[in-house]
Novice: 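Got a structure for you, written out below as structure tokens; questions coming shortly.
Computed from heavy atoms alone, side chains included, the values below leave out hydrogens, waters and symmetry copies.
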Amino acid sequence: LPEPTGLPQPPAPWTEQALRARMAQANPDLAALDREMAAARSQVRVARLEPLPDPEIGGTWMRDPEMQDWGLMVSLTLPIWPEKYQAMAKEALARFAAARQRRAERGLDLESDLSSAFFDLRDAERRMELFGARLIPKARDAYQATLGSYRAGKAMLLDALTAQRDLLEMSLARERA
């Protein structure tokens, strides 16, 4: 049987660092968690502003054929429950901390997955090099030597077939790598 030919290896267009940067910018999970953090940060700002007095000024003017009427209104909301506002601020801070923690956790999970994928890629490249540069040439030489011995009557057919099987198994293992 002829030796199988391998598939051409595409060049790796991305480095691990470039993919990490792209992941941080374009991952939809991280983008959603960033928006969640921004919303929680806004809630913290609102909770900090709640205990401040809230003045309001308003006016009205009304005109009909018989009369003209106008009015002025001034109001002031006073924060008289400080515990309520403190609890609101604590809750908002806790939500922000939880959102930040979820974002950090997901970022680390994605970085771990990326590192694992690059490790697998480097390991596959190493195994392909091992099989292609060392093991397959040795198996090919052994097969040629055994085939020559068989033709000369010094080896049995089983030896030649075993050497050919070993060569094919090495080639298959390289392709699987």
Side-chain angles (χ1 to χ4, degrees), residues 6-136 169-177:
L7 298 173
Q9 297 300 317
W14 297 96
T15 64
E16 188 172 356
Q17 291 172 337
L19 280 177
R20 282 185 196 282
R22 180 153 170 82
M23 176 188 67
Q25 294 172 349
N27 185 279
D29 291 345
L30 295 180
L33 290 168
D34 286 341
R35 285 190 299 275
E36 186 179 326
M37 278 180 44
R41 190 177 295 118
S42 294
Q43 288 175 349
V44 168
R45 284 189 210 116
V46 168
R48 287 185 176 155
L49 293 175
E50 280 293 320
L52 298 177
D54 189 13
E56 290 183 29
I57 299 175
T60 61
W61 180 66
M62 194 167 67
R63 181 175 181 209
D64 63 28
E66 297 177 8
M67 63 184 278
Q68 183 174 344
D69 191 20
W70 62 275
L72 180 64
M73 179 181 74
V74 177
S75 69
L76 181 65
T77 304
L78 296 175
I80 58 174
W81 293 289
E83 297 85 18
K84 171 187 166 186
Y85 300 116
Q86 289 171 358
M88 286 174 63
K90 285 181 183 178
E91 178 185 4
L93 285 170
R95 285 184 188 203
F96 176 71
R100 185 177 52 207
Q101 183 63 32
R102 282 191 299 275
R103 167 60 168 85
E105 181 180 338
R106 184 63 181 142
L108 290 174
D109 286 346
L110 289 171
E111 285 188 20
S112 173
D113 292 346
L114 183 65
S115 293
S116 177
F118 264 92
F119 174 80
D120 291 344
L121 176 65
R122 286 189 296 271
D123 185 51
E125 289 171 344
R126 180 194 58 81
R127 286 184 283 140
M128 286 176 58
E129 176 65 25
L130 174 67
F131 281 107
R134 295 184 184 157
L135 298 179
I136 291 176
E169 284 178 354
M170 296 270 181
S171 297
L172 183 60
R174 179 181 184 269
E175 293 304 315
R176 285 184 179 156

Novice: Could you tell me whether the side chain of Glu56 reaches within less than 4.5 Å of the side chain of Val74, counting heavy atoms only?
Specialist: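 Contact flag for Val74/Glu56 side chains = no.
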Novice: Applying side-chain hydrogen bond (donor to acceptor under 3.5 Å, both in side chains), which residue pairs with at least one partner in residues 21-32 are found, sequence neighbours left out?
Specialist: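 Applying side-chain hydrogen bond (donor to acceptor under 3.5 Å, both in side chains) to every pair that reaches into residues 21-32, excluding sequence neighbours, yields Asp29-Arg106.
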Novice: Sequence neighbours excluded and cut-off under 3.5 Å, please list the side-chain donor-acceptor pairs for residues 79-97, or say none.
Specialist:
unit_1, atom_1, unit_2, atom_2, d
Glu91, OE2, Arg95, NE, 3.3
Glu91, OE2, Arg95, NH2, 2.6

Novice: At what distance, to the nearest 0.5 angstrom, does CD1 of Ile136 lie from CG of Leu172?
Specialist: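 Interatomic distance, Ile136 CD1 to Leu172 CG, rounded to 0.5 Å: 9.5 Å.
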Novice: Look up atom CG in Leu33 and atom CD in Gln101, then write down how far apart they are to the nearest 0.5 Å.
Specialist: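 Atom-to-atom, Leu33:CG and Gln101:CD are 11.5 Å apart.
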Novice: Show your reasoning for whether side-chain contact (heavy atoms from CB on, under 4.5 Å) applies to Leu76 and Asp54.
Specialist: CA-CA 6 Å; Leu76 181 65; Asp54 189 13; over 6 Å; no
Novice: Side chains of Met170 and Arg174, heavy atoms from C-beta outward: is any pair under 4.5 Å?
Specialist: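 Sidechains of Arg174 and Met170: no contact.
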Novice: Just so I know, are the side chains of Leu135 and Leu130 near enough to count as touching, which here means a heavy-atom distance under 4.5 Å?
Specialist: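 Sidechains of Leu130 and Leu135: in contact.
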Novice: Working to the nearest 0.5 Å, report the span between CG of Leu72 and OG1 of Thr60.
Specialist: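 Nearest 0.5 Å value for the CG-OG1 distance: 8.5 Å.
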Novice: Mind checking what makes side-chain contact (heavy atoms from CB on, under 4.5 Å) contact with Glu16, not counting sequence neighbours?
Specialist: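 Arg20, Ser115, Phe118, Arg122.
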Novice: Got a second to check how far Leu108's CG is from Asp113's CG, nearest 0.5 Å?
Specialist: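 Interatomic distance, Leu108 CG to Asp113 CG, rounded to 0.5 Å: 11.0 Å.
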Novice: Once you round to the nearest 0.5 Å, how far does CG of Leu121 lie from OG of Ser116?
Specialist: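 Those atoms lie 11.0 Å apart.
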Novice: Assess whether atom CD1 of Ile57 is packed by more than 12 heavy atoms of other residues, nucleotides or ligands within 6.0 Å.
Specialist: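 Open: at most 12 neighbouring heavy atoms sit under 6.0 Å from CD1 of Ile57.
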Novice: Which pair of non-hydrogen atoms, one from Met37 and one from Arg100, has the smallest distance, and what is that distance?
Specialist: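 What the structure gives for the nearest pair is SD-CA, 3.6 Å.
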